[in-house]
Amino acid sequence: MEVKVVERILKVNDAVAQANRSRFDAAGVLAVNIIGSPGAGKTTVLERTVEGLKGRFALACIEGDPYTTRDAERIAALDCPVVQINTQGGCHLDASLVSQALEQVDLGAADLLLIENVGNLLCPSQYDLGEHLTVVVLSVTEGADKPEKYPAAFQRARAVIVSKIDALALTDVDLDDVSASIRRFNPQAEVFPLSARTGEGVEAWLQWLAKQVRAAR
């Protein structure tokens, strides 16, 4: 009985997600769903992404957070349109929440919509938001076993950002091993080791994302 309830919820979510995707397609907007654990560095990566692309593309953001507006305030400080979704303790965004937020987003004026999901590698991987691409942010300070512990998130990802590589020497993580672990679950995933703090590796990520935006137009 419980399985039937979950199936029905996900079917409803998928229908709304498809409607969201149709809106993005009609507007020529690339929608990117960014997921990762709390503290993985999602918002800092988002800041560097906005700074690196805002002169080349029209950007908009949706920020998911259980309670606060702190992350949205950081993005707004970069002069980027942003809508905050507070889930009131919920562990993920779903397609209906994104649909409601879209009422406050001018899709006609955007090329790229970045959606920062709630910090979690489990629940967000189960809900289609209507995005075109899912990107996982995995920090080296989390250890190297996250792909094995949360395979669904990595199987869903078109790209994986391995963040905080400036702290690599303080860990026992090997970047080659992490990349190999990611590709065991998703051989097609693009992997971008970077430090949003120092800027190392950020340009490769920006170039790849810019290519996806141009392809979506």
>> I'd like to know if the side chain of Ser179 and the backbone of Asp176 have a donor-acceptor N/O pair within less than 3.5 Å.
In response: no
> Do the side chains of Arg56 and Asp111 get nearer than 4.5 Å, heavy atoms only?
Replying inline: no
>> Distance alone, cut at 3.5 Å: any donor-acceptor contact between the side chains of Thr134 and Arg156?
In response: yes
>> Restricting to non-hydrogen atoms, name the atom on Ser139 and the atom on Lys164 that form the minimum distance, rounded to 0.1 Å.
In response: CB-CD, 3.8 Å
> Would you say the side-chain atoms of Thr69 pair up with the backbone N or O of Ala72, donor to acceptor, closer than 3.5 Å?
Replying inline: no
> Taking atom types as modelled and ignoring hydrogens, do the side chains of Arg183 and Gln188 form a donor-acceptor contact shorter than 3.5 angstrom?
Replying inline: no
> Can you tell me if CZ on Arg70 sees more than 12 non-hydrogen neighbours from other groups inside 6.0 Å?
Replying inline: no
> Which heavy atom in Glu116 sits nearest to a heavy atom in Asp71, and how many Å separate them?
Replying inline: OE2-OD2, 3.7 Å
> Is any side-chain heavy atom of Phe57 less than 4.5 Å from a side-chain heavy atom of Arg214?
Replying inline: yes
> Going by heavy atoms in the side chains, are Arg23 and Ser99 under 4.5 Å from each other?
Replying inline: yes
> Considering residues, nucleotides and ligands other than Glu200, do more than 12 of their heavy atoms fall under 6.0 Å from its CD?
Replying inline: no
> Looking at side-chain heavy atoms only, is the closest gap between Val136 and Leu121 below 4.5 Å?
Replying inline: yes
>> Taking Val45's backbone N and O only, do any of them form a donor-acceptor pair with Thr49's side chain (distance below 3.5 Å, no angle check)?
In response: yes
> With sequence neighbours excluded, what pairs up with Asp166 under the salt bridge (charged side-chain N to carboxylate O under 4.0 Å, His left out) test?
Replying inline: Arg197
> Val162 and side-chain contact (heavy atoms from CB on, under 4.5 Å): which partner among Val137, Val173, Leu194, Val140?
Replying inline: Val140
>> Would a single hydrophobic cluster contain both Leu107 and Leu97, if residues Ile, Leu, Val, Met, Phe, Trp and Tyr are joined by side-chain heavy-atom contacts under 4.5 Å?
In response: yes
> Would you say the side chain of Leu209 lies within less than 4.5 Å of the side chain of Leu112, judging by non-hydrogen atoms?
Replying inline: yes
> Would you say the side chain of Asp65 lies within less than 4.5 Å of the side chain of Ile85, judging by non-hydrogen atoms?
Replying inline: no
> Are Leu206 and Ile161 connected, step by step, through hydrophobic side chains (Ile, Leu, Val, Met, Phe, Trp, Tyr) whose heavy atoms are closer than 4.5 Å?
Replying inline: yes
> What distance do Arg48 atom CZ and Leu53 atom CG have between them, rounded to the nearest 0.5 Å?
Replying inline: 12.5 Å
> Hey, are Glu51 and Arg74 close enough for a salt bridge, meaning a charged N less than 4.0 Å from a carboxylate O?
Replying inline: no
> If Ile, Leu, Val, Met, Phe, Trp and Tyr residues are connected whenever their side-chain heavy atoms lie under 4.5 Å apart, and connections chain through other members, are Val202 and Leu133 in the same group?
Replying inline: yes
> Can Cys61 and Val50 be said to form a side-chain contact (heavy atoms from CB on, under 4.5 Å), step by step?
Replying inline: CA-CA 9 Å; Cys61 292; Val50 169; 4.2 Å; yes
> About how many Å separate CG of Leu175 and OG1 of Thr171, when rounded to the nearest 0.5 Å?
Replying inline: 8.0 Å
>> Quick one, Leu102 with Leu113, criterion side-chain contact (heavy atoms from CB on, under 4.5 Å). Give me CA distance, side-chain angles, the key distance, then yes/no.
In response: CA-CA 10 Å; Leu102 289 178; Leu113 176 65; 3.9 Å; yes
> Can you tell me how far the CG atom of Leu122 sits from the NZ atom of Lys149, to the nearest 0.5 Å?
Replying inline: 11.0 Å
>> To check you understand the geometry: which heavy-atom pair defines the closest contact between Asn186 and Ala157, and what is its length?
In response: ND2-O, 2.6 Å
> Run the side-chain contact (heavy atoms from CB on, under 4.5 Å) check on Thr68 and Asn86 step by step: do they pass?
Replying inline: CA-CA 7 Å; Thr68 78; Asn86 283 136; 5.6 Å; no
> For the residue pair Glu190 and Trp208, what are the closest heavy atoms and their distance?
Replying inline: CG-NE1, 3.4 Å
> Side-chain contact, heavy-atom cut-off 4.5 Å: Gln155 with Tyr150?
Replying inline: no
> Is a side-chain donor or acceptor of Ser22 paired with a backbone partner of Gln18 at a separation under 3.5 angstrom?
Replying inline: yes
> Can you check whether Ile62 reaches Val98 side chain to side chain, under 4.5 Å on heavy atoms?
Replying inline: yes
Could you pull out all donor-acceptor pairs under 3.5 Å where a side-chain atom in residues 25-42 meets a protein atom, sequence neighbours excluded?
unit_1	atom_1	unit_2	atom_2	d
Asp25	OD1	His132	NE2	2.7
Asn33	OD1	Asn117	ND2	3.2
Asn33	ND2	Glu131	OE2	3.4
Ser37	OG	Glu142	OE1	2.8
Lys42	NZ	Gly36	O	3.3
Lys42	NZ	Ser37	O	3.0

> Which atom pair, heavy atoms only, marks the closest approach of Ser181 to Glu148?
Replying inline: OG-CG, 4.1 Å
> Going only through I, L, V, M, F, W and Y residues with side-chain contacts under 4.5 Å, is there a path from Val118 to Val83?
Replying inline: yes
> How far apart are the closest heavy atoms of Thr87 and Pro66, and which atoms are they?
Replying inline: OG1-CA, 3.4 Å
> In terms of hydrophobic clusters joined by side-chain contacts under 4.5 Å, are Ile115 and Leu46 together?
Replying inline: no
> Between Tyr127 and His92, how do the two ring planes meet: parallel, tilted or perpendicular, split at 30° and 60°?
Replying inline: parallel
>> Tell me whether Asp128 is salt-bridged to Arg21, with the criterion being a basic N under 4.0 Å from an acidic carboxylate O.
In response: yes
> Please walk me through it: do Val178 and Ile182 pass side-chain contact (heavy atoms from CB on, under 4.5 Å)?
Replying inline: CA-CA 6 Å; Val178 172; Ile182 292 167; 3.9 Å; yes
